[in-house]
Amino acid sequence: MKIVFYDTKPYDKESFEKCLKTYSDITIEFEEADLNERTAVLAKGADAVCAFVNSNLGTEVIDRLHEEGVGCILLRCAGFNNVDLNRAKEYDMEVLRVPGYSPEAVAEHAMTLALGVNRHLHKSYIRVRENNFSLGGLTGINFYKKTAGIIGTGKIGAAMCRICRGFGMEVIAYDMYPNKDLDFVTYMSLDEVLSRSDLLSLHCPLTKETYHLINKDTIAKMKDNVILINTSRGALVATNDLIQGIRDRKFFGVGLDVYEEEGSNVFENREDEVLEHSTTARLLSFPNVIVTSHQGFLTEEALQAISETTLKNAMDYVNGTIDNYNRV
Ligand code: NAD
């Protein structure tokens, strides 16, 4: 089986090559370019393409992949909002993903962002490096005995609930399907979670229903001085409304691992460029906002699990033994 692997980064190549040793039937052609209408042609003659969160898997790209003979899309991530699933279905093209490689990796990053903005770590790090040992403006709050509101309690949200409980927080949550394993979590309506939480963390997928879930109306329902964390998908948050909320001093802090417009930035070094998107630049200008570049998944354990499941998906596709759980 031949796989064309798009948007290859050194850590991807390292973990996939290590795992490939146990799969003699698979060859991988690693491409630095990400998948789009122009680069789809690189997949000529391949059985499958391997793509990531910001790869373009829209209608035209799927048409091109079909023309090139590709029968399977291997997503090396959990989310699949970037795939035109209807088009893939028309061609009987399989779309397989890695639903839960390491939920703790993302949840731990969500808590990292929450602690970082709370204790102004981004500022204190720079200050001390400049021999400035003053503490003005660095006051945070205790998380102990505060309320954590988790929106979406699937695998990652559940891990975040457990972490928050470990901090001695009261944990409340909103999900249409309450997770029975989380007996320490109190489920409530979305409005109640918004209005009662000191720390709000988003862990639901991006769907038509959750697009701009955080907007000016939902922000108005939040407690003043709330900390908002988004490690899920950028478009869960209406960025302009968030910016207005930050200007209105609604937020104690905001931590974003994902944001709208991240597509052209994610995993790229653009340090010599002038960023053309003013909303991202505006977000970065606020002192109580920390933005990371979609790195929630980036732990050794998660990378290993991603490569193992992706290659198992590839073999299952060839052998006709696809695990429905991994099928989108
Ligand atoms: P999951 O499918 O296990 O859980 C998602 C949960 O969200 C489910 O319990 C579902 O019922 C709930 N949900 C769906 N619609 C909802 C709504 N409208 N309101 C409230 N809850 C709703 O998914 P997961 O593995 O926990 O991943 C969650 C998301 O995290 C993924 O969709 C992906 O976008 C994101 N993610 C980010 C990174 C990263 O590196 N930052 C890595 C992996 C996943």
Side-chain angles (χ1 to χ4, degrees), residues 7 9 11-12 51-55 57 75-83 85 95 97-114 149-164 171-182 185 187-194 197 200-215 218 221 228-237 255-260 262-263 265-267 290-306 309-310 324-328:
D7 197 20
K9 300 291 182 244
Y11 47 81
D12 292 318
F52 201 44
V53 280
N54 286 303
S55 303
L57 283 154
L75 294 170
R76 54 181 191 278
C77 55
F80 49 86
N81 52 286
N82 52 336
V83 188
L85 292 175
V95 183
R97 66 180 183 130
V98 186
Y101 39 88
S102 175
E104 288 75 19
V106 185
E108 286 174 18
H109 191 66
M111 187 46 108
T112 304
L113 286 171
I150 310 301
I151 300 181
T153 53
K155 291 173 285 301
I156 298 171
M160 185 62 174
C161 288
R162 287 190 288 269
I163 290 171
C164 291
V171 187
I172 62 175
Y174 169 69
D175 194 311
M176 297 88 70
Y177 305 101
N179 185 333
K180 292 187 185 71
D181 296 336
L182 300 173
V185 171
Y187 280 90
M188 299 179 180
S189 69
L190 177 61
D191 282 1
E192 277 178 292
V193 171
L194 292 171
S197 300
L200 262 175
S201 195
L202 308 181
H203 298 287
C204 53
L206 176 60
T207 60
K208 272 191 207 125
E209 292 72 40
T210 60
Y211 176 78
H212 284 186
L213 179 78
I214 302 302
N215 55 49
T218 46
K221 290 173 183 164
L228 175 69
I229 303 298
N230 186 9
T231 55
S232 198
R233 283 292 179 267
L236 293 181
V237 178
L256 305 173
D257 189 43
V258 291
Y259 52 98
E260 292 183 295
E262 72 176 35
N265 295 342
V266 160
F267 314 141
I290 295 184
V291 179
T292 53
S293 186
H294 211 131
Q295 71 175 76
F297 72 99
L298 197 63
T299 66
E300 285 181 14
E301 292 81 355
L303 289 174
Q304 187 185 337
I306 288 170
T309 306
T310 304
N324 269 334
Y325 186 61
N326 297 355
R327 184 183 250 145
V328 181

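Ligands are counted one by one from 1 in listed order, and the atoms in each one are counted from 1 as well.
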Practice item. Please state which part of T153 comes within less than 4.0 Å of ligand 1, counting heavy atoms only: side chain, backbone, both or neither. Key: backbone

**Study point:** Within reach of ligand 1, part of V106 (heavy-atom separation under 4.0 Å)
**Key:** side chain

**Study point:** N54 CG to D7 CG distance, which is reported to the nearest 0.5 Å
**Key:** 8.0 Å

Check your understanding: Does Q295 reach ligand 1 with a nitrogen or oxygen that is under 3.5 Å from one of the ligand's nitrogen or oxygen atoms?
Key -> no

Point to revise | Test log, rule side-chain contact (heavy atoms from CB on, under 4.5 Å), inputs N326 and T309 | key: CA-CA 9 Å; N326 297 355; T309 306; 3.6 Å; yes

Point to revise | Atoms in ligand 1 with a heavy atom of Y101 nearer than 4.0 Å | key: 42 (C), 43 (C)

Check your understanding: Relative to ligand 1, is P99 under 4.0 angstrom through side chain, backbone, both or neither, heavy atoms considered?
Key -> backbone

Check your understanding: Which atom names give the shortest non-hydrogen contact between A305 and Y101, and what distance separates them?
Key -> CB-O, 3.4 Å

Check your understanding: Backbone, side chain, both or neither: what part of Y211 comes under 4.0 angstrom of ligand 1, heavy atoms only?
Key -> neither

Check your understanding: Which one of T112, N230, T292 satisfies the side chain to side chain donor-acceptor pair (under 3.5 Å) criterion with D257?
Key -> T292

Point to revise | For atom 20 (C) of ligand 1, the option (of F297, F80, Y174) bearing the nearest heavy atom | key: Y174

Check your understanding: Which is it for N82 and F52 under the side-chain contact (heavy atoms from CB on, under 4.5 Å) test, yes or no, and what are the steps along the way?
Key -> CA-CA 9 Å; N82 52 336; F52 201 44; over 6 Å; no

Check your understanding: Would you say L206 touches ligand 1, if touching means a heavy atom closer than 4.0 Å?
Key -> no

Point to revise | Side chain Y187, main chain N179, donor-acceptor under 3.5 Å | key: yes

Review point. Nearest non-hydrogen atom to atom 28 (C) of ligand 1 belongs to which of R233, H203, E209?
Key: H203

Point to revise | H294 vs R233, side-chain contact (heavy atoms from CB on, under 4.5 Å): CA-CA, chis, key distance, verdict | key: CA-CA 9 Å; H294 211 131; R233 283 292 179 267; 3.5 Å; yes

Practice item. Any atoms of ligand 1 less than 4.0 Å from a non-hydrogen atom of G152? List them with their elements. Key: 7 (O), 21 (N)

Point to revise | For G296, atoms of ligand 1 separated by under 4.0 Å from a heavy atom | key: 40 (O)

Check your understanding: Is it true that T231 lies under 4.0 Å from ligand 1, counting heavy atoms only?
Key -> yes

Check your understanding: Any idea which heavy atoms bring Y325 and P99 closest together, and the distance?
Key -> O-CG, 3.5 Å

Review point. Of all the atoms in ligand 1, which lie at a distance below 4.0 Å from a heavy atom belonging to Y177?
Key: 11 (O)

Practice item. Please work out whether the ring planes of Y11 and F297 are parallel, tilted or perpendicular, with thresholds of 30° and 60°. Key: tilted

Practice item. With the side chain counted from C-beta on, respond yes when N81 and T207 share a heavy-atom pair under 4.5 Å apart, and no when they do not. Key: no

Revision key, fill the gap. heavy-atom search around atom 4 (O) of ligand 1 in the protein gives G154 CA, 3.1 Å

Study note, to complete from the structure: Counting heavy atoms under 4.0 Å, the part of H109 that contacts ligand 1 is neither

Check your understanding: Non-hydrogen atoms of S232 versus ligand 1: any pair closer than 4.0 Å?
Key -> yes

Study note, to complete from the structure: Of T210, N81, N179, the one whose closest heavy atom lies nearest atom 18 (N) of ligand 1 is T210

Point to revise | Check: I156 N/O within less than 3.5 Å of ligand 1 N/O | key: yes

Point to revise | OH on Y211 to CD on E260, rounded to 0.5 Å | key: 5.5 Å

